[in-house]
Amino acid sequence: MRKTFQLQVEGKHPDRLVEAIKHEIAKYIKRERRRDLPEGSDFWDFDCKFGASAETAEVAQLPAINKLIDGIVKEAGKQFYIEILAKPGKRTPRPAGERAEEPSEED
């Protein structure tokens, strides 16, 4: 998905427009995650860019997208550009001696 979203559209309430944009982005991500994975891949990873325009877009993390959109809305921006590209990912196993941190229940 490479798209520039307008935040001020004639006849549409800005709050409803922002919610519709967030819904469209979430729907795209869900659709991409449903695709079949290539052989040797474990999950779909996403490369994201976000900015006021395509030229000023910077790398962003997927979980931070909604906060970035809210920031543009607070600044009264007229538009923003978002780029989300799916790529197959492979998880790497932990080294043999390393365990996940577990909270201890010592009294």
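This is a predicted model, so every value here is computed, not measured.
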Only distances under 3.5 Å count here; give the side-chain donor-acceptor pairs of residues 50-61 to other protein atoms, sequence neighbours excluded, each with its distance to 0.1 Å.
residue	atom	partner	partner atom	Å
Ser53	OG	Glu55	OE1	3.3
Ser53	OG	Thr56	OG1	3.2
Thr56	OG1	Ser53	N	3.2
Thr56	OG1	Ser53	O	3.3

Min side-chain heavy-atom separation Asn66-Ile69 under 4.5 Å: yes

Should Arg35 and Glu32 count as an ion pair when the cut-off is N to O under 4.0 Å? yes

Ile21 vs Glu19 side-chain heavy atoms within contact, under 4.5 Å: no

ring-ring contact (aromatic ring centres under 6.0 Å, His included): which pairs involve residues 5-39, sequence neighbours left out? Phe5-Phe80

Less than 3.5 Å apart, any donor N or O on the side chain of Tyr81 or Glu83 sitting next to an acceptor on the other? yes

What distance separates Ile84 CD1 from Ile29 CD1, expressed to the nearest 0.5 Å? 4.5 Å

Would you name the heavy atoms of Ile72 and Gln79 that are closest together and state the gap between them? CG2-O, 4.0 Å

Can you see which heavy atom on Met1 is nearest to which on Leu85, and at what distance? N-CD2, 4.2 Å

Do side-chain atoms of Trp44 reach the backbone of Arg34 as a donor and acceptor pair under 3.5 angstrom? no

To the closest 0.5 Å, what do you measure between CD1 (Ile65) and SG (Cys48)? 4.5 Å

Asp70 and Lys22 ion-paired at < 4.0 Å: yes

To the nearest 0.5 Å, what is the distance between CD1 on Ile82 and CZ on Arg2? 12.5 Å

Donor-acceptor under 3.5 Å (Asp42 side chain, Arg91 main chain): yes

